[in-house]
Amino acid sequence: MRRIMGGRVLLAMLPLLFWGVVNAADNRVTVEPGQAYFMYHCETCHLPNGTGTKLLARRVGADKSLLVRRTDLVGDYVRAVVRNGVGGMPWFTRVEVTDAELEEIVNYLTRNNPR
Ligand code: HEC
């Protein structure tokens with residue numbers, strides 16, 4: 001009898017345990033998929049001291065040189081730059097950056113644009 005009761009108590013606690021796990025997951029620092037792909041494919045050149053940032057500082061100005069802070073990037077422009085390259089930036093094939101990954105990156109880079 002005591003064993004059965006113990007089992008029931010445990011069973012009754014399961015949802016609580018599960019809630020705790022879900023809640024713990026909610027508290028993680030979340031990285032959106034686009035940010036993760038950007039970190040993987042683009043950040044080497046587009047971090048503060050990267051070649052992309054440095055060349056952009058010369059071409060479009062220091063205030064627009066850091067892509068992650070931009071609020072004026074247009075999706076089609078980002079797609080064209082990534083697929084065709086621009087100046088010192090190499091293009092990326094669909095094997096290197098898939099269309100789905102590129103869409104996530106576009107979402108990430110245009111997230112702060114005024115709507
Ligand atoms: C090997 C280095 C390198 C990598 C990797 C790289 N870029 Fe670039 N990127 C550059 C350089 C250099 C420029 C500036 C080219 C110029 O103006 O001559 C640039 C420019 C750009 C521009 C143009 C911004 C403007 O205002 O004209 C965009 C958009 C861009 N990169 C997006 C990306 C994205 C998205 C990725 C990842 C998929 C990426 N880049 C990866 C080097 C890189």
Side-chain angles (χ1 to χ4, degrees):
M1 186 61 185
R2 270 181 70 187
R3 261 184 71 201
I4 293 167
M5 282 289 287
R8 281 205 184 139
V9 169
L10 259 180
L11 259 181
M13 278 172 65
L14 263 181
L16 256 183
L17 270 174
F18 189 66
W19 182 83
V21 170
V22 169
N23 241 23
D26 277 351
N27 289 335
R28 279 185 314 217
V29 177
T30 50
V31 175
E32 2 172 351
Q35 185 180 1
Y37 291 130
F38 185 85
M39 285 160 79
Y40 186 77
H41 294 295
C42 323
E43 247 187 25
T44 38
C45 298
H46 288 288
L47 278 177
N49 276 320
T51 44
T53 307
K54 283 182 182 159
L55 284 190
L56 283 173
R58 264 194 256 160
R59 185 159 65 81
V60 299
D63 54 324
K64 289 188 172 182
S65 61
L66 210 51
L67 291 187
V68 296
R69 297 232 186 97
R70 295 280 288 269
T71 55
D72 64 339
L73 286 172
V74 176
D76 279 343
Y77 180 66
V78 176
R79 290 183 196 99
V81 166
V82 171
R83 290 302 178 214
N84 306 315
V86 59
M89 176 173 155
W91 69 80
F92 290 78
T93 66
R94 290 184 162 76
V95 175
E96 291 162 323
V97 178
T98 67
D99 282 338
E101 288 173 349
L102 182 52
E103 285 319 297
E104 295 288 359
I105 290 171
V106 165
N107 286 342
Y108 175 61
L109 290 179
T110 57
R111 73 197 182 288
N112 292 326
N113 289 9
R115 296 176 197 274

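Remember, it's 1-based here, ligands and their atoms both numbered in the order they're listed.
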(request) Starting from atom 8 (Fe) of ligand 1, count all protein N, O or S atoms within a radius below 2.8 Å. (result) 2
(request) Could you check if a side-chain atom of Val74 sits within less than 4.5 angstrom of a side-chain atom of Thr110, using non-hydrogen atoms only? (result) no
(message) Quick check on contacts: which atoms of ligand 1 are under 4.0 angstrom from a heavy atom of Gly87?
(response) 18 (O)
(message) Around atom CG of Asp99, are there more than 12 heavy atoms from other residues, nucleotides or ligands closer than 6.0 Å?
(response) yes
(request) Report yes or no: does a heavy atom of Tyr77 sit under 4.0 Å from some atom of ligand 1? (result) yes
(message) Under 4.0 Å from a heavy atom of Ile105: which atoms of ligand 1 are those, numbered in the order shown and with their elements?
(response) 35 (C)
(message) Is there a side-chain contact (heavy atoms from CB on, under 4.5 Å) between Glu103 and Arg79? Walk through the geometry before answering.
(response) CA-CA 8 Å; Glu103 285 319 297; Arg79 290 183 196 99; 2.8 Å; yes
(request) Would you mind checking which non-hydrogen protein atom is closest to atom 17 (O) of ligand 1, with the distance to 0.1 Å? (result) Arg59 NE, 2.6 Å
(request) Could you walk me through whether Phe38 and Val68 pass side-chain contact (heavy atoms from CB on, under 4.5 Å), step by step? (result) CA-CA 9 Å; Phe38 185 85; Val68 296; 3.5 Å; yes
(request) Work out whether the distance between some heavy atom of Arg70 and some atom of ligand 1 is less than 4.0 Å. (result) yes
(message) Tell me the closest heavy-atom pair linking Leu47 and Thr53, and the distance in Å.
(response) O-OG1, 2.6 Å
(message) Contact between Arg69 and Asn112 at the side-chain level, heavy atoms closer than 4.5 Å - yes or no?
(response) no
(message) Under a 4.0 angstrom heavy-atom cut-off, which atoms of ligand 1 come close to Phe92?
(response) 5 (C), 41 (C)
(request) Could you point out which residue of Leu102, Asn107, Ile105, Thr98 forms a side chain to side chain contact (heavy atoms under 4.5 Å, CB included) with Tyr37? (result) Ile105
(message) Between Asp63 and Arg70 (salt bridge meaning N to carboxylate O under 4.0 Å), is one present in this structure?
(response) no
(request) Supply the atom-to-atom distance Thr44 OG1 to Met39 CE, rounded to the nearest 0.5 angstrom. (result) 12.0 Å
(message) Regarding atom 24 (C) of ligand 1: of the candidates Val106, Leu56, Val74, Val78, which has the closest heavy atom?
(response) Leu56
